Every structure is written in structure tokens, then in C-alpha cells.
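Contents: one structure, followed by commentary.
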2 protein chains.
Amino acid sequence: MERNLSLNLHVLTARLDRAADRILRAEHDISYSRFLALTLVGELEASTQRTLAEYLGVTEPSVSRMTGVLAADGLLDVQPDPAGGNRRRLSLTDEGKRRVASIRQEFEDRLAAVVAASGVPYAEYAEHTARLLTTFDRLEREAGK
Amino acid sequence: MERNLSLNLHVLTARLDRAADRILRAEHDISYSRFLALTLVGELEASTQRTLAEYLGVTEPSVSRMTGVLAADGLLDVQPDPAGGNRRRLSLTDEGKRRVASIRQEFEDRLAAVVAASGVPYAEYAEHTARLLTTFDRLEREAGK
DNA sequence: GCAGCTAACTTAGCAAGCTAACTTAGCCAA
DNA sequence: TTGGCTAAGTTAGCTTGCTAAGTTAGCTGC
């Protein structure tokens, strides 16, 4: 079959994401992408949409729509930046915080179980993945892009 | 920031896929997902849509639509299985073969360059990724799913 | 004090995932 | 030979990526 790295990464991630999405929808009534967005807003502390797009690895229009639906669902608070400029301050509502907190560790634990079952050394694989991301990021930035 | 493995895999793959998509559209006038589908049909030798879905890591409806547009574009040949049953035989047209062959090695080479720049050992990372995929697959199957 | 610039965001429309529900084709048992 | 079963594929409708193009808010120089 000769499956290569890029294809395997693509398929592995697609499956993990899909599994995560099913679990979250079934048990917590939220999609995986919405959960990721809320998680990062929580971690980034009152950032802008542009920053969130950067961290999520998606484009600004995608974030624009996402913040719209999350705000409509009462999970996210979107306010004009008091410091001025055409910016929005993003923060979690109480309900948003509650939702994220209740899910928090669950996923990493489940993924860790898969990793353990596979015999792949977790720390090393995680470190390699993080390093690849950083490198790819840098190369794209250098390429002018 | 404390970015975890599942998020990093998600973001890394999203970026790689997006970059691949841009290159393919610009230089070869085809999207990345269509290219992947054609590649796998080539490797799987006259398989069914269900098998292709399995290998691509997507659902059957997605493959159904994809084979439709690829056939309409003259890249894929979709025929009822002569052996009977409600199946389709998938194979590449000459144009499809030409297209896949002309792109073939390019991506793995580009990705290998990124991996090299990051200092991550390619063979090991590829092996770990493949192992995780196999394990996840097995666990999902065992879970009855 | 307005022209132009830049940064941040939005709108519009397309591509391609997904789930749920349906259809089609062959098989098998009564 | 028909009624149900299973496997494979399709349809419908939603979500959420994307790009291209447009808008809005403040800044800067004349």
C-alpha cells in the first residue's frame, strides 16, 4: 500500500477529529471546532479574532463566523476593544467557562490511552509534533507568504 | 500556552493540508482532496467506493460526491461492478493517471524538507504516526462503532 | 482637515466534510 | 416467489473550511 507520512498524518488527524466530534456532540452537545475555539479563547485571555485565527490555524473569515455563532449560543462574549481600533475583545461567558471546564482533560486522556496502546512514546511524539509545527510555521513565515 | 498533542496534530495537519492545496491548485490545477482520492484509486487497483472511503478516512457520502465530480472532470472511470451487486468499479482514466504521475513524489519531498529543517527524525516520526493510525483503527473497530 | 495607508473584521459564495434517511441489488429461507 | 436481510451507494441539508472582495477605525503627512 505504501502509505506516506503526509497521507497518514492527514488520515490520522481526520479520524481523531471525527471521533472527538462524535463524543463531544453526544456527551456535551457541542462540536469539536467550537470546543477548540472556546478552549483557545480561555487560554489566550481576551485576545482578538485575528490572534484566535492564528492559534486555531484557520483564516479570519472562519473565526468571524465562528465567534458569531458562539456569541449567539451564549458561550462567548464579543465586545469592541475599549482601547479603540477595529478590534473585538473575546472572552468566555460563564456558561462558556463551565462548558470548557467540564470537558477539559477528557480528550488528552483518551488520546493518551490510544498512544499507550500503540506503544508509541507519548512525550517524544508530542515533542516531535510540536517541533514540526513550529518549524513549518517559521518556514511559511520566511517564504514571505 | 500549553498546547497539547491533539490540538497540535490538528493544527499541524490543517496547515500542511492547506499548503498542499495551494501548491496543487496553483501548479497542477487540482485540489488536494481530489489528488488524494486519485492517488488512492491508483494504489488500490479497481476498488469500490466503500474501500476508498475507508482508506481516505472519510465517509461514503463524501466519496460518492467526490467520484461524481472526478468522473465529470474526466479523471476517474466509474463503472458498475461486472461481478454484480450494488457496487462501482473505480479506475483512473489516462488523464487521471497522467495527472497523478506528474505530481507523485513532489509532496513527500517537500514535507521531508520541513521535517529535516525541524531536526525531527523522519523515519521514526513516520513509523510512530503509522502505528498510531493502525492502533486507533483497531480500537475503533473493537469498540463496535 | 482630508487623502491615503494599514490593521482588523465582515460578506458572499464555493468546496467538501458530516449525519440521517433513503434506494438499489443480490441473497436466502419459508 | 415473496419478504426480509445485508451491503453499497445516493440524497438532502447542515457545518465549517477556503478565497476574493468589501468595510471600518484609527494613524500620518501635507
Side-chain angles (χ1 to χ4, degrees), chain A residues 10-11 13-26 29-38 44 46-73 76 78-90 145, chain B residues 10-11 13-26 29-38 44 46-73 76 78-90 145:
Chain A
H10 177 92
V11 174
T13 303
R15 297 224 173 142
L16 289 175
D17 286 359
R18 194 148 30 116
D21 199 62
R22 268 197 297 256
I23 293 168
L24 282 181
R25 281 175 198 277
D29 194 31
I30 191 174
S31 76
Y32 184 48
S33 40
R34 292 180 188 193
F35 167 69
L36 284 182
L38 292 177
L44 290 172
S47 91
T48 64
Q49 294 184 185
R50 175 163 289 191
T51 307
L52 179 57
E54 165 91 335
Y55 279 78
L56 279 173
V58 304
T59 60
E60 289 171 42
S62 299
V63 167
S64 179
R65 182 171 38 189
M66 180 65 78
T67 54
V69 304
L70 289 177
D73 283 2
L76 189 66
V78 183
Q79 297 293 335
D81 191 326
N86 187 22
R87 289 152 184 261
R88 313 281 176 275
R89 276 276 145 138
L90 303 178
K145 233 210 56 152
Chain B
H10 177 92
V11 174
T13 304
R15 296 225 173 142
L16 289 174
D17 286 359
R18 195 144 33 114
D21 199 62
R22 268 197 297 257
I23 292 168
L24 281 180
R25 282 175 198 277
D29 194 31
I30 191 174
S31 76
Y32 185 48
S33 40
R34 291 180 189 192
F35 166 70
L36 284 182
L38 292 176
L44 290 172
S47 93
T48 63
Q49 295 184 184
R50 175 162 289 191
T51 307
L52 179 56
E54 165 90 336
Y55 279 78
L56 279 174
V58 304
T59 60
E60 290 172 43
S62 299
V63 167
S64 179
R65 181 171 40 187
M66 180 65 80
T67 54
V69 304
L70 289 176
D73 283 1
L76 189 67
V78 182
Q79 297 292 335
D81 192 325
N86 187 22
R87 290 152 183 262
R88 314 282 176 275
R89 277 275 142 140
L90 303 178
K145 232 207 55 140

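Computed over heavy atoms, backbone and side chain alike; hydrogens, waters and symmetry mates excluded. Letters go in sequence order (proteins before strands), and every chain restarts at 1. In this text the structure is predicted, and so the values were computed from the model without any measurement.
- Counting heavy atoms from C-beta outward, A/L38 and A/I30 have side chains that approach closer than 4.5 Å.
- Here A/A20 pairs with A/Y32, A/F107 under the side-chain contact (heavy atoms from CB on, under 4.5 Å) rule; sequence neighbours left out.
- Legend: residues meeting salt bridge (charged side-chain N to carboxylate O under 4.0 Å, His left out) with A/D21, ordered by chain and number and at least two apart, are A/R25.
- Nearest approach of A/S47 to A/T51, heavy atoms of both residues: OG-CB, 3.8 Å.
- Between chain A and DNA chain C, the heavy-atom contact criterion of under 4.0 Å yields a 5' to 3' nucleotide range of C/dA7 to C/dT19.
- Looking at residues two or more places apart in sequence or on another chain, you find a side-chain contact (heavy atoms from CB on, under 4.5 Å) between A/N86 and A/R88.
- At the heavy-atom level, B/R87 lies under 4.0 Å from the strands shown only through sugar-phosphate atoms.
- Residues satisfying the salt bridge (charged side-chain N to carboxylate O under 4.0 Å, His left out) test with A/R34, not counting sequence neighbours, are A/D73.
- Each of A/V78 and A/D21 was matched to the nucleotide of DNA chain C holding its nearest heavy atom; the match closer to the 5' end belongs to A/V78.
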Would you tabulate the side-chain donor-acceptor contacts of residues 61-68 of chain A under 3.5 Å, counting partners in other chains and residues two or more places apart, or write 'none'?
residue : atom : partner : partner atom : Å
A/S62   : OG   : A/T59   : OG1          : 3.2
A/T67   : OG1  : A/Q49   : OE1          : 3.4
A/T67   : OG1  : A/V63   : O            : 3.1
A/T67   : OG1  : A/S64   : O            : 2.9

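- A/A71 meets the side-chain contact (heavy atoms from CB on, under 4.5 Å) test with A/V78; sequence neighbours excluded.
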Summarise how protein sits on nucleotides 12-23 of chain D as a single string, 5' to 3': B when a protein heavy atom is under 4.0 Å from the base, S for sugar-phosphate-only contact, - for no contact.
-> ----BBBBB---
